[in-house]
Peer 1: 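Take a look at the following structure, please.
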Amino acid sequence: MWSRRQGRLRPTVCAVEELRRRRREQEAALRKARREQQLVSKRLLREDAPEEAGEGCVAAILGEAEVQQFLRQAQRGTEEKEREGALVSLRRGLQHPETQQTFIQLEGSMRTLVGLLTSNQALLQLEAARCLHELSHSEQSTIAEACLPATSYLLTYLSGHSSDFIELCLYTLGNLIVESEAVRRQLLPQGIVPALAACIQSPHVAVLEALGYALSQLLQAKEAPEKIIPPASASSSILASTLPQHMLQMLQPGPKLNPGVAVEFAWCLHYIICSQVSNPLLIGHGALSTLGLLLLDLAGAVQRTEDAGLELLACPVLRCLSNLLTEAAVETVGGQMQLRDERVVAALFILLQFFFQKQPSLLPEGLWLLNNLTANSPSFCTSLLSLDLIKSLLQLLPVSNVVSVMVLTVLCNVAEKGPAYCQRLWPGPLLPALLHTLAFSDTEVVGQSLELLHLLFLYQPEAVQVFLQQSGLQALERHQEEAQLQDRVYALQQTALQW
């Protein structure tokens with residue numbers, strides 16, 4: 001596998017290509033896993049008065065007779081207060097799954113509720129919508145489908161004047177959309193995308209946050225890449241609307257940036273990017289530039305505040321950037337140039353340090369972005385070295401096996417760029433760190449350590465001698481019987497002995 005020429009060890013072309021092929025396969029698998037991780041959830045708005053929410057006022061499960069009684073009172077009561085009170089009692093009962101099942105099995109119950117939703121009395125409309133909202137929070141698709149007759153009206157009311165009512169309708173639709181394909185099939189031709197696009201003009205932060213939630217639920221539908229996102233689907237298309245441009249505006253750093261709204265729209269953008277339908281369009285709209293500036297803004301924010309909520313926005317921003325950087329179109333539209341800045345690397349390390357201290361579970365997200373930045377860009381590898389960040393990177397190795405693999409992958413990206421880069425990696429704390437990771441029991445960590453040693457031996461032959469002096473062969477012997485590592489261990493042993 002290895003040949004010796006002019007006192008330097010050089011691999012055959014086949015060996016180099018094999019190394020690269022293995023690493024690209026690993027990256028592709030990780031990228032696929034990241035794309036498929038979604039955030040399906042449901043939101044519940046409850047604004048019970050303190051006297052209703054107290055321990056002495058726990059909502060009771062309602063039987064069929066009680067559900068019928070409350071519906072009858074709400075529909076035919078002589079006073080508006082009595083009718084509203086009946087709906088409040090029904091709503092509180094619908095907090096229980098048992099009451100929800102009773103309600104949808106009762107003939108005519110949904111028809112009555114829809115009638116109250118479309119009445120000309122605002123308080124009754126609001127309470128009927130709240131009843132539907134309780135139903136929408138169910139995890140059972142049968143209950144979501146039972147709400148089908150109401151969805152068209154909820155859609156219509158998005159163009160109303162009450163921001164509170166619009167917010168409630170948006171959260172209810174968001175809950176129903178994610179649960180039932182039948183609901184989506186009904187709402188798409190009725191114009192849910194244009195209706196949502198109109199809501200984005202709202203001056204109310206609560207409405208915008210609810211809109212982001214409803215949209216993110218719609219974008220997670222299994223049919224979204226074919227029927228909801230592509231421009232070809234005309235009126236039901238996200239990309240044919242003004243939504244992408246408005247989303248990016250909501251993510252512009254500055255005094256107008258609202259964290260809650262930004263979080264929702266960052267996840268929306270993440271799901272659009274993961275669909276891989278038309279990422280060049282987003283890049284053309286300036287997505288890389290906007291997200292890069294937001295990354296810088298987040299790094300500044302974590303230095304100024306202890307606010308633990310910042311990671312809620314950091315996670316989708318990191319994922320969006322990571323996935324966009326895998327697009328071939330990045331280079332052709334000059335997108336990579338928008339991020340070719342040492343400040344991006346410095347900001348990313350500020351966030352990594354923040355995650356290390358406050359939210360270790362997000363370290364792989366930041367490292368995945370660093371991997372994609374350094375994979376094909378010598379300039380970002382240079383930034384990593386010139387900012388003297390290798391030691392900071394190595395400090396993350398003990399966090400977990402997943403983090404170790406990502407750290408070693410980034411170091412492989414740097415080493416792969418050639419002798420000048422390996423010379424700056426070596427000497428330093430890298431060898432002790434590699435000897436430590438070779439002692440891990442995790443095959444993936446050890447395998448990635450071996451990949452890095454291969455590259456160092458290739459471009460920095462002096463590393464072989466230091467490796468031997470530090471009992472490197474003994475470190476390799478621990479893994480020579482492991483099937484997944486045998487070939488790489490043997491190759492390194494032969495190289496070391498040859499030296």
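Just so it is clear, the structure is predicted and the values come from calculations on it, not from any experiment.
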Peer 1: Is a donor on one side and an acceptor on the other found under 3.5 Å between the side chain of Glu145 and the backbone of Ala182?
Peer 2: no
Peer 1: In Å and rounded to the nearest 0.5 Å, what is the OG to CD1 distance from Ser275 to Ile238?
Peer 2: 10.0 Å
Peer 1: If you compare all heavy atoms of Leu219 against all heavy atoms of Cys268, which two are closest, and at what distance to 0.1 Å?
Peer 2: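 Reported closest heavy-atom pair: CD1-O, 3.4 Å.
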Peer 1: Could you walk me through whether Ile390 and Leu411 pass side chain to side chain contact (heavy atoms under 4.5 Å, CB included), step by step?
Peer 2: CA-CA 8 Å; Ile390 299 301; Leu411 292 169; 3.9 Å; yes
Peer 1: Begin with the C-alpha distance, continue with both residues' side-chain angles, and end with the deciding distance and a verdict on side chain to side chain contact (heavy atoms under 4.5 Å, CB included) for Val399 and Phe356.
Peer 2: CA-CA 8 Å; Val399 173; Phe356 181 63; 3.5 Å; yes
Peer 1: Could you walk me through whether Lys222 and Glu181 pass salt bridge (Lys or Arg N to Asp or Glu O under 4.0 Å), step by step?
Peer 2: CA-CA 9 Å; Lys222 62 184 179 186; Glu181 186 177 353; 3.4 Å; yes
Peer 1: Any idea which heavy atoms bring Asp297 and Leu257 closest together, and the distance?
Peer 2: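 Nearest pair, atom of Asp297 first, then Leu257: OD2-CD2, 4.2 Å.
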Peer 1: So how far is it from Leu87 CG to Leu71 CG, rounded to the nearest 0.5 Å?
Peer 2: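 That separation rounds to 7.5 Å.
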Peer 1: In terms of the angle between their ring planes, are Tyr157 and Tyr153 parallel, tilted or perpendicular, with boundaries placed at 30° and 60°?
Peer 2: tilted
Peer 1: Under the ring pair (Phe, Tyr, Trp, His ring centres under 6.0 Å) test, which residues partner Tyr171, sequence neighbours left out?
Peer 2: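 Here the qualifying residues are Tyr213.
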Peer 1: Walk me through whether Ile272 and Leu239 qualify under side chain to side chain contact (heavy atoms under 4.5 Å, CB included).
Peer 2: CA-CA 9 Å; Ile272 294 175; Leu239 290 179; 4.2 Å; yes
Peer 1: Strictly distance-based, threshold 3.5 Å: is any side-chain N or O of Thr326 a donor or acceptor partner for the main-chain N or O of Asn323?
Peer 2: yes
Peer 1: Any donor-acceptor pair under 3.5 Å linking the side chain of Arg184 with the backbone of Ile177?
Peer 2: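 A pair under 3.5 Å: yes.
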Peer 1: Of all heavy-atom pairs between Leu208 and Cys199, which one has the smallest distance, and what is that distance?
Peer 2: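 Heavy-atom minimum between the residues: CD2-O, 3.9 Å.
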Peer 1: Would you please test Ser392 and Gln353 for side-chain hydrogen bond (donor to acceptor under 3.5 Å, both in side chains) and show each step?
Peer 2: CA-CA 9 Å; Ser392 298; Gln353 190 61 35; 5.7 Å; no
Peer 1: Could you state the interatomic distance from CD (Gln217) to CG (Leu173), rounded to the nearest 0.5 Å?
Peer 2: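 Gln217 CD to Leu173 CG: 11.0 Å, rounded to 0.5 Å.
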Peer 1: Return the minimal non-hydrogen interatomic distance between Met250 and Ala262, and the atom names on each side.
Peer 2: O-CB, 4.1 Å
Peer 1: Quick one: are Leu218 and Leu187 in side-chain contact, heavy atoms under 4.5 Å?
Peer 2: no
Peer 1: Please check if atom CD in Gln357 has more than 12 non-hydrogen atoms from other residues, nucleotides or ligands closer than 6.0 Å.
Peer 2: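 Result for CD/Gln357: enclosed.
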Peer 1: Measuring only between side-chain heavy atoms, which start at C-beta, is Phe354 closer than 4.5 Å to Leu298?
Peer 2: no
Peer 1: Might you confirm whether atom CZ of Phe349 has over 12 heavy atoms from other residues, nucleotides or ligands at distances under 6.0 Å?
Peer 2: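 Atom CZ in Phe349 is packed in, count exceeds 12.
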Peer 1: Ignoring hydrogens and angles, tell me if any N or O in the side chain of Ser119 forms a donor-acceptor pair with the backbone of Gly115 under 3.5 Å.
Peer 2: no
Peer 1: Going by the side chain to side chain donor-acceptor pair (under 3.5 Å) test, name the single residue among Gln100, Glu179, Gln101 that passes it with Gln140.
Peer 2: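 That would be Gln101.
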Peer 1: At their closest point, which heavy atom of Leu408 faces which heavy atom of Leu452, and how far apart are they?
Peer 2: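 So the two residues come closest at CD2-CD2, 4.1 Å.
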Peer 1: Calculate, to the nearest 0.5 Å, the distance between atoms NE2 and CG belonging to His133 and Asn175 respectively.
Peer 2: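 Here the rounded value is 6.0 Å.
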Peer 1: Do side-chain atoms of Lys417 reach the backbone of Ala375 as a donor and acceptor pair under 3.5 angstrom?
Peer 2: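 Flag set: sc Lys417 to bb Ala375 pair under 3.5 Å.
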Peer 1: Specify the closest pair of heavy atoms between Val407 and Leu396, including all atoms of both residues, with the distance to one decimal.
Peer 2: CG2-CB, 4.0 Å
Peer 1: As an exercise, state the distance from CD1 of Ile143 to CD1 of Ile104, rounded to the nearest 0.5 Å.
Peer 2: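 Interatomic distance, Ile143 CD1 to Ile104 CD1, rounded to 0.5 Å: 4.5 Å.
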Peer 1: Just by modelled atom types, is the Ile229 backbone N or O under 3.5 Å from a matching donor or acceptor in the Ser237 side chain?
Peer 2: yes
